[in-house]
Amino acid sequence: MHHDTALINMLAIGLGLAFVFGALANKLRLSPLVGYLIAGIVVGPFTPGFVADQALANQLAEIGVMLLMFGVGLHFSLKDLMEVKAIAIPGAIGQILVATLLGWGVAALMGWPTLHGVIFGFSLATASTVVLLRAMEERRLLETTRGKIAVGWLIVEDLACVLALVMMPVIAEVFGPDANGKSPSVTGLLASIGWTFVQLGLFVAVMLVVGRRVIPWILEKVAGTGSRELFTLCVLAIALGVAFGAAALFGVSFALGAFFAGMMLNESELSHKAAHDSLPLRDAFAVLFFVSVGMLFNPMIVVEHPWQVLATVLIIMLGKSAAAFFIVRAFGHGKGTALTISASLAQIGEFAFIIAGLGVALKILPPEGQSLVLAGALVSIMLNPLVFGLLDRWQARHKETTPAPEIQDIPPGPSLDLHDHAIVVGYGRVGSELAQVLRDRGVPVLVIDDNREHVERAHAAGIPGIRGSAAADKVLAEAHPERATIAVLAIPQPLESGEVLAKLRAINPNLTLLARAHSDAEVKHLLAHGADGTVMAERELAYSLAEMIMATPPYRSLRPGATPPPATPDAPTAA
């Protein structure tokens, strides 16, 4: 075997195990994050077998953090926050304070210094964006009042973490173990904080004055070349380049630089394309980030410090959730909304790992604290679906007596009470054309799409539409497939289409199912999951173009059944 293959080993074995455990977690209806963390534990130094290179893992994790923060910046929406600022800002701040105080209390009982306790408590205060959005999307709550409150709450938590990433190095320099044991003076402390904010201000000013104009301009020029490879490379170069420049020139963290790069790209009309094209690499390095975090977890902490682990889990799932519940109720919202927000925040994820990792690196959090944070994340993420399941049961029991507190953004469209109708899943370019053709020919049509604007467009055209993922049981039930005659999967995602096809076939075995495909492999996959027929877009396009070519005068005689041209007197005859 070749030498110096530590990086290849890390990528091959780390990503391979992450896939295996992530798939198992998904099969168990858990967040794949659990699988990625377990993969890291398996290749870590605290378990037998292969041990990945920790130094390499940390560098890959740093890239993962930058791309994660870049993604956060790309999707950062000040508009969403402003809609619910009256409750999201004070609510998130209050909940962060409660979680920090509870964490500090547990750390004090363990004999940790105050600074360690504060960092430990703060790392338990922020929920996972991935887990929260997935739970909300499954229940079609993102466009409701409670969903907007949860997302706005999350944005405030993210901003608090961004500010913490700026301040933690200053705090470590003044109060950490490397402060030479000197008592910091007020003047020195204010000077350090002031200089940090000067550097941050300079960086923000440069990004607002130069970055806001230069970055979108570069993107537009590169997009104009028509090269997808160059565009993707440009997006990644901007993300990593701004992060590096922020650290090298302004002393700002890589993570904060990447966050601002994402925010600047968010203002470009090409931001959606930038997010889409950078997603595969962001996902891959995000997985490596979670694997590297798992490598730092010592499973023995559960045996050696069981009550500390239990206390950590209780802070995450009961302490801060109770704080969120009472805050939401204090602002006059119903019990259902308060319970939904509490359930959404009863877990921790990405930022908890980033804060804890930086705390350990700066020596203002002991390694045991990072292990406790990771243990709390694993348990809370695994139990979060159970918490939402209990919430769903409670809401089902109190549906008759509890008025729905949220208001759907999408006004009611045409009636969904249809019979012998066609269900069109996806109202994009293909689905919208198909639905309109069917409707013009007298076929009753109902569309399902997870994009709010698409559903609003369907309603404007007089077509009943349901917003949500067709793979969700509740969404399918609203479409009444048991009364439909045909369903067409017009979405370009074969895996999601296969899942929907299987559910539709189970609900109504007599339903005719058609699907859209882009390759022979996708056709095979869709047919195996219950499709009666598939349409491969590229093949149909080729047939249509061929028919148009054969209809032109030079080739018209070659069409099947065409009358051959009459022979001329000078034409040669066959012997």
Side-chain angles (χ1 to χ4, degrees), residues 136-148 392 395-396 399-400 403-494 496-516 526 529-535 537:
M136 286 287 175
E137 185 62 44
E138 285 179 354
R139 289 157 182 82
R140 302 168 62 211
L141 293 173
L142 279 179
E143 302 299 334
T144 65
T145 300
R146 62 181 70 179
K148 290 187 175 239
D392 292 340
Q395 290 179 331
K399 189 174 182 180
E400 300 292 332
E406 68 269 10
I407 300 173
Q408 293 281 354
D409 274 356
I410 303 175
S415 173
L416 302 177
D417 188 17
L418 301 176
H419 293 267
D420 299 325
H421 56 288
I423 300 172
V424 177
V425 179
Y427 197 72
R429 288 177 299 175
V430 175
S432 59
E433 292 288 341
L434 172 64
Q436 193 61 49
V437 170
L438 292 176
R439 184 169 176 270
D440 291 344
R441 297 184 181 182
V443 178
V445 180
L446 183 150
V447 302
I448 302 174
D449 198 296
D450 58 4
N451 186 298
R452 177 173 58 86
E453 295 179 358
H454 289 178
V455 177
E456 288 178 341
R457 192 151 47 87
H459 286 178
I463 299 173
I466 302 171
R467 186 192 179 280
S469 171
D473 295 337
K474 292 181 180 179
V475 175
L476 277 186
E478 288 189 36
H480 298 295
E482 72 281 357
R483 303 199 306 236
T485 57
I486 192 168
V488 184
L489 280 297
I491 54 177
Q493 294 86 12
E496 183 178 348
S497 294
E499 184 180 357
V500 176
L501 287 169
K503 290 186 175 184
L504 286 170
R505 180 64 70 206
I507 295 172
N508 186 353
N510 298 320
L511 197 62
T512 300
L513 300 177
L514 304 177
R516 168 186 175 186
L526 295 170
H529 281 74
D532 295 302
T534 61
V535 175

I need the minimum non-hydrogen distance between [X] and [Y], along with the two atoms involved.
X: G468; Y: I448; answer: O-CG2, 3.6 Å
X: P494; Y: L526; answer: O-CD2, 3.8 Å
X: I463; Y: A435; answer: CD1-CB, 4.0 Å
X: P414; Y: P464; answer: O-CB, 3.5 Å
X: T485; Y: L511; answer: C-CD1, 3.4 Å
X: A471; Y: V500; answer: N-CG2, 3.7 Å

Report the distance from atom [atom1] of [X] to atom [atom2] of [Y], rounding to the nearest 0.5 Å.
X: Q493; Y: S469; atom1: CD; atom2: OG; answer: 9.5 Å
X: L504; Y: L513; atom1: CG; atom2: CG; answer: 5.5 Å
X: L434; Y: Q436; atom1: CG; atom2: CD; answer: 10.5 Å
X: I423; Y: L489; atom1: CD1; atom2: CG; answer: 10.0 Å
X: E456; Y: D449; atom1: CD; atom2: CG; answer: 11.5 Å

Do the side chains of R483 and D417 get nearer than 4.5 Å, heavy atoms only?
yes

Taking the side chain as C-beta and beyond, is there a heavy-atom pair between L418 and H480 under 4.5 Å?
no

Does H454 offer a backbone N or O that forms a donor-acceptor pair with the side chain of R467 under 3.5 Å?
no

Is D532 reaching over with its side chain to a backbone N or O of L514, donor-acceptor style, under 3.5 angstrom?
no

Please enumerate all residues that pass side chain to side chain donor-acceptor pair (under 3.5 Å) together with D420, with sequence neighbours excluded.
none

Check salt bridge (charged side-chain N to carboxylate O under 4.0 Å, His left out) between D440 and all other residues, then give those that pass, not counting sequence neighbours.
none

Results of salt bridge (charged side-chain N to carboxylate O under 4.0 Å, His left out) for R439 - residues two or more places apart only
none

For E433, the side-chain contact (heavy atoms from CB on, under 4.5 Å) test, sequence neighbours excluded, returns none

Among all residues two or more places apart in sequence or in another chain, which pass the side-chain contact (heavy atoms from CB on, under 4.5 Å) test with I507?
L476, P481, E482

Run the ring-ring contact (aromatic ring centres under 6.0 Å, His included) test against H529 and tell me which residues pass, sequence neighbours left out.
H525

